[in-house]
Participant: 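The structure under discussion is supplied below as structure tokens; questions concerning it will follow.
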Amino acid sequence: MTSRPQAARTRKPPSERRAEILHTAARIALDEGLERITLRRVADELGVRPGLIGHYFPAADDLVSEAFAHAAAQERDALLPPGAHEADRSPTARLAGFLVRLTGADCLDLSRLWLNARHLSRFKPGLRATVREQESLTRTALTGLMEEGVRRGEFRTDDPLGAALHILVTVDGLGAYANDDIDGDSNDEGESEDLNHPALQDLALTVAEHRLDLTPGLLRAAAF
């Protein structure tokens, strides 16, 4: 009886392996939550030994923080691409797309991830610093879009940062309900039905239109 030959292992460059680990951990975070990220879980997903993950991330908390940063950055780049990549789209269209997608069902996992990260950051200083950094990057990107819209004469505000903050706080407020099963049956108080109210569905758009002196309904129309 002959033994089965062992498959040859491929040694990946450190940068490629590290990126693979972060990508896997970020996917786990989006699908199941940051608490589910462990060295063993990521190792199992990749079919490697936990010691390999520990070589790149000796502390599990470091992996959690970087996985959140990786997921947040990827989603931000997709939702709010740098202006150089959006030269053919107006600031109005870009803002509309950002808000409609961010507050829609497709980004529910992202809203849950932010809610999850902010809660855990109370107990994890490293994650808390990462959350603040990602908040700052998103705030800077949105403020830049506000300023571009003002320069082009599409937005009217003398406080682009204030407008960006108002919009983001509204989005975060809506995200606080990300764990509610709004597609399920309503309870006795009708909470699910309340969360499906059109006023909430367009709240971020309405706030943005008010802060930027836009015609009501313009952003919803510009998103399509």
Participant: Does some side-chain heavy atom of Leu99 sit less than 4.5 Å from a side-chain heavy atom of Val171?
Facilitator: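 Contact flag for Val171/Leu99 side chains = yes.
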Participant: Begin from the C-alpha positions of Glu75 and Arg101 and carry the test salt bridge (charged side-chain N to carboxylate O under 4.0 Å, His left out) through to its verdict.
Facilitator: CA-CA 11 Å; Glu75 294 296 337; Arg101 289 182 60 196; 5.7 Å; no
Participant: Identify whether Leu95 and Leu218 are in the same connected component of the hydrophobic contact network (ILVMFWY, side-chain heavy atoms under 4.5 Å).
Facilitator: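 Linked, Leu95 and Leu218 end up in one cluster.
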Participant: Side chain to side chain donor-acceptor pair (under 3.5 Å) with Asp106: which residues, sequence neighbours excluded?
Facilitator: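 Here no residue qualifies.
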Participant: For Ala73 and Gln134, work out which heavy atoms get closest and say how close.
Facilitator: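 Minimum heavy-atom separation between Ala73 and Gln134: N-OE1, 3.9 Å.
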Participant: Do you reckon Ile28 sits in the same ILVMFWY cluster as Val48, going by side-chain contacts under 4.5 Å, direct or chained?
Facilitator: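 Yes, Ile28 and Val48 fall within the same hydrophobic cluster.
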Participant: Would Glu35 and Asn116 count as a side-chain contact (heavy atoms from CB on, under 4.5 Å) if you check the C-alpha gap in whole Å, the side-chain angles of each, and the deciding distance to 0.1 Å?
Facilitator: CA-CA 9 Å; Glu35 298 92 338; Asn116 183 203; 3.1 Å; yes
Participant: Heavy atoms only: give me the nearest Ala178-Arg112 pair and the separation to one decimal.
Facilitator: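 Nearest pair, atom of Ala178 first, then Arg112: O-NE, 3.0 Å.
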Participant: Side chains of Glu154 and Thr92: is there a donor and an acceptor less than 3.5 Å apart?
Facilitator: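 A donor-acceptor contact under 3.5 Å links the two side chains.
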Participant: Nearest 0.5 Å, please: how far is CG in Leu80 from CG in Leu102?
Facilitator: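 Here the interatomic distance stands at 9.5 Å.
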Participant: When rounded to the nearest 0.5 angstrom, what distance separates CG in Leu142 from CD in Glu147?
Facilitator: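 Rounded to the nearest 0.5 Å, the CG-CD separation comes out at 10.0 Å.
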Participant: Working to the nearest 0.5 angstrom, can you tell me the gap between Leu115 CG and Leu120 CG?
Facilitator: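 So the CG of Leu115 and the CG of Leu120 are separated by 10.0 Å.
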Participant: Walk me through it: do Leu46 and Ile53 pass the test side-chain contact (heavy atoms from CB on, under 4.5 Å)?
Facilitator: CA-CA 10 Å; Leu46 293 175; Ile53 310 301; 4.2 Å; yes
Participant: Would you check if Tyr56 and Pro14 make a side-chain contact, meaning some heavy-atom pair closer than 4.5 Å?
Facilitator: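 A side-chain contact under 4.5 Å exists here.
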Participant: Can you give me the closest heavy-atom contact between Ala204 and Thr170, atom names plus distance?
Facilitator: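 Heavy-atom minimum between the residues: CA-CG2, 3.9 Å.
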Participant: Which pair of heavy atoms, one from Leu127 and one from Ser121, lies closest together, and at what distance?
Facilitator: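 Leu127 and Ser121 have their closest heavy atoms at CD2-N, 3.9 Å.
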Participant: Measure from the side-chain N and O atoms of Glu209 to the backbone N and O of Leu219, and report whether any donor-acceptor pair falls under 3.5 Å.
Facilitator: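 Judged by distance alone, yes, a pair lies under 3.5 Å.
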Participant: Does some side-chain heavy atom of Arg27 sit less than 4.5 Å from a side-chain heavy atom of Glu45?
Facilitator: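 Side chain of Glu45 against side chain of Arg27, heavy atoms only: contact under 4.5 Å found.
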Participant: With distance as the sole test, does Thr38 use its side chain to make a donor-acceptor pair with the main-chain N or O of Arg41 at under 3.5 Å?
Facilitator: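 Yes.
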Participant: Can you check whether Arg18 reaches Phe57 side chain to side chain, under 4.5 Å on heavy atoms?
Facilitator: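 The answer is yes, as the side chains (C-beta and beyond) meet within the 4.5 Å cut-off.
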Participant: Applying a strict under-4.5 Å side-chain criterion to I, L, V, M, F, W and Y, I'd like to know whether Phe98 and Leu165 cluster together.
Facilitator: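 No, it is not one cluster - the side chains of Phe98 and Leu165 are not joined through contacts under 4.5 Å.
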Participant: Please round to the nearest 0.5 Å and tell me the distance separating atom CG of Asp61 and atom NZ of Lys124.
Facilitator: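 Asp61 CG to Lys124 NZ: 3.5 Å, rounded to 0.5 Å.
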Participant: Should Glu148 and Arg152 be marked as a salt bridge (charged side-chain N to carboxylate O under 4.0 Å, His left out) after you check the CA-CA gap, both sets of side-chain angles, and the distance that decides it?
Facilitator: CA-CA 6 Å; Glu148 183 182 351; Arg152 293 196 187 187; 2.8 Å; yes
Participant: For a quick test of reading the model, state the closest non-hydrogen atom pair linking Ala67 to Leu22 and the distance between them.
Facilitator: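 Minimum heavy-atom contact is N-CD2, 3.8 Å.
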Participant: Can you tell me how far apart CG (Leu214) and CZ (Arg156) are? Round to the nearest 0.5 Å.
Facilitator: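 Nearest 0.5 Å value for the CG-CZ distance: 6.5 Å.
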Participant: Any non-hydrogen side-chain atom of Ser136 less than 4.5 Å from a side-chain atom of Glu133?
Facilitator: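 Not touching, per the 4.5 Å side-chain cut-off.
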Participant: Report yes or no: do Leu52 and Ile37 belong to one cluster of Ile/Leu/Val/Met/Phe/Trp/Tyr joined by side chain heavy-atom distances under 4.5 Å?
Facilitator: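 Looking at the clustering, Ile37 is in the same group as Leu52.
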Participant: Between Thr130 and Glu66, does a side-chain contact (heavy atoms from CB on, under 4.5 Å) hold up when you go through it step by step?
Facilitator: CA-CA 8 Å; Thr130 300; Glu66 291 202 43; over 6 Å; no
Participant: Knowing that exactly one of Val131, Leu30, Leu63 qualifies, which makes a side-chain contact (heavy atoms from CB on, under 4.5 Å) with Phe68?
Facilitator: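 Checked Val131, Leu30, Leu63 against Phe68; only one passes side-chain contact (heavy atoms from CB on, under 4.5 Å): Val131.
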Participant: What about Leu168 and Leu110, same hydrophobic cluster or not, with Ile/Leu/Val/Met/Phe/Trp/Tyr joined at side-chain heavy-atom distances under 4.5 Å?
Facilitator: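 Same hydrophobic cluster.
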Participant: Would you say the side chain of Asp213 lies within less than 4.5 Å of the side chain of Thr157, judging by non-hydrogen atoms?
Facilitator: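 With C-beta onward as the side chain, the pair stays apart.
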Participant: Kindly give the heavy-atom pair with the smallest separation between Ala71 and Ala26, and that separation in Å.
Facilitator: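 Closest approach of Ala71 to Ala26: CB-CB, 4.0 Å.
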Participant: I need the Asp172 CG to Ile167 CD1 distance, nearest 0.5 Å.
Facilitator: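 Between atom CG of Asp172 and atom CD1 of Ile167 there are 12.0 Å.
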Participant: Ion pair present between Glu135 and Arg132, side-chain N to carboxylate O less than 4.0 angstrom?
Facilitator: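 Looking at Glu135 and Arg132, the cut-off is not met.
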